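All ligand and atom numbering here is 1-based and tracks the order in the structure. Since the model is a prediction, treat every value here as computed from it, not as a measurement.
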Amino acid sequence: MREWRDSKGWNGVSSPAGSLPPDKAGLRRNFRRRAATYEQYAQVQRAMAGELLRLAAAPAGTARRILEVGCGTGTLTRELRRLNPTAWLVAVDLDPEVLRRARAALSGDRRTSWLAMDAEALCRGEFELIIANSVFQWFSRPRETLARYHGMLASGGLLAFSAMGPATFRELGQAWREAVLAGESSPPVPVAATFPAGLEWVAMLHQAGFREVCLSRELKVVSYPSVLDFLKAVQGTGAVSPRPRPLTPRQLRRLLMVYHSLFGNGVVPATYELLYLTAGK
Ligand SMILES: C[S@@+](CC[C@H](N)C(=O)[O-])C[C@H]1O[C@@H](n2cnc3c(N)ncnc32)[C@H](O)[C@@H]1O
């Protein structure tokens, strides 16, 4: 861990990239590569941030100490600061370059600390609100991490997070299964199909000791002009597998054709399963 403070009083901690396990290093690389285009393509994540803040409006406005996990380029961070100008805000992300962008939009904000590290390794601090927008689906040890967050939440505090669920991009999964890789011994599964389902989150939250657990779920269908536009938009956010297995040009052509023939009707639909969870202590 390296601690630093710059001339404007911006303080932070950064862990060396080499200390991350391969999946986390892959995630970090994906989001870092797309840091410049993330906000342009992240309309769904922006809508999720709005709904999450609606659910956590009371503590977001009044908490004295807030931990934001996976702040990315700062979509939610800026809103949290707008709602609550005085809270001590700790914003954590795997990648320092992504954090730099979040910080630039809040330059001069002395009440925010920025940590570039694996948020699953956090274990210190006490917060009235722990919040994360579209991050927890990437966790590799969600059970243990939720137990740690329970330990870091002040009594009466709230954990609030949104996450993508396993029905996300189900059309892509179906097209993938039905055609493109038929005959291959181990066809790659779209990473979204491996995300925990809403009820799994509920069970993990109870196990970790949280109470008053609430789940809401939305299936949001977004229309794109073509399958390529859809894939480009997803890539533009960096929210892709940490272990990519690129398709050959022939497989890609076939995937596009099958997706279009199964679902295309002037435009091409892609489903996002959006989960919102709140849990108290
Ligand atoms: C889809 S982006 C969401 C960013 C932001 N929360 C927003 O609302 O736009 C997911 C972010 O979570 C971060 N992330 C994923 N796993 C993480 C972890 N274990 N620790 C810290 N950050 C993580 C990624 O680096 C990425 O910036």
Side-chain angles (χ1 to χ4, degrees), residues 1 12-15 17 19-56 60 66-82 89-103 105-106 112-123 129-146 148-149 152 160-165 168-169 191-192 194-196 233-242 272-276:
M1 289 267 189
V13 174
S14 182
S15 16
S19 63
L20 291 173
D23 267 9
K24 292 272 165 70
L27 264 188
R28 174 175 161 161
R29 195 177 47 241
N30 288 346
F31 284 111
R32 167 184 291 230
R33 268 193 199 142
R34 305 300 178 173
T37 53
Y38 177 80
E39 299 214 0
Q40 178 191 342
Y41 288 109
Q43 287 95 339
V44 172
Q45 288 85 346
R46 220 172 6 260
M48 291 167 87
E51 175 61 9
L52 181 63
L53 276 179
R54 195 187 64 75
L55 294 171
I66 301 175
L67 170 64
E68 187 194 348
V69 173
C71 66
T73 55
T75 306
L76 180 66
T77 328
R78 295 191 292 275
E79 284 305 298
L80 284 169
R81 188 42 96 208
R82 192 180 58 74
L89 180 55
V90 177
V92 185
D93 200 277
L94 275 175
D95 185 56
E97 170 54 30
V98 167
L99 270 184
R100 248 189 294 281
R101 288 177 181 269
R103 173 227 176 181
L106 284 175
T112 303
S113 297
W114 307 90
L115 305 185
M117 63 177 287
D118 178 3
E120 290 196 87
L122 286 168
C123 55
L129 175 64
I130 300 180
I131 190 163
N133 186 45
S134 194
V135 179
F136 283 18
Q137 70 271 11
W138 298 111
F139 279 175
S140 49
R141 303 180 307 276
R143 266 188 191 74
E144 294 87 333
T145 305
L146 291 177
R148 283 173 188 240
Y149 291 174
M152 291 161 59
F161 64 94
S162 63
M164 298 226 181
T168 300
F169 306 154
V191 67
T194 66
F195 293 158
V234 176
Q235 276 175 352
T237 65
V240 294
S241 171
Y272 291 76
E273 183 185 15
L274 310 182
L275 305 174
Y276 300 93

_Tell me which residues fall inside the under-4.0 Å heavy-atom shell around ligand 1._
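Those residues closer than 4.0 Å to ligand 1 by some heavy atom are K24, L27, F31, Y38, G70, C71, G72, T75, D93, L94, M117, D118, A119, N133, S134, V135, F139.
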*Give the C-alpha distance, both sets of side-chain angles, the deciding distance and a yes or no for ring pair (Phe, Tyr, Trp, His ring centres under 6.0 Å) between F161 and Y276.*
CA-CA 6 Å; F161 64 94; Y276 300 93; 9.8 Å; no
*Return the orientation label for the F169 and Y272 ring planes: parallel under 30°, perpendicular over 60°, tilted otherwise.*
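Plane angle over 60°, so perpendicular.
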*Any Lys/Arg nitrogen of R101 or E97 sitting under 4.0 Å from an Asp/Glu carboxylate oxygen of the other?*
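Yes.
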*Is the backbone N or O of F139 less than 3.5 Å from a side-chain atom of E120, with the two atoms forming a donor-acceptor pair by type?*
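Answer holds: no.
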*asked:* To the nearest 0.5 Å, what is the distance between CH2 on W138 and CG on L94?
replied: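 So the CH2 of W138 and the CG of L94 are separated by 11.5 Å.
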When the side chains of residues 70-77 are checked against the rest of the protein, which donor-acceptor pairs come out under 3.5 Å, sequence neighbours left out?
| from | atom 1 | to | atom 2 | distance (Å) |
| --- | --- | --- | --- | --- |
| T73 | OG1 | E39 | OE2 | 2.6 |
| T77 | OG1 | E68 | OE1 | 2.7 |

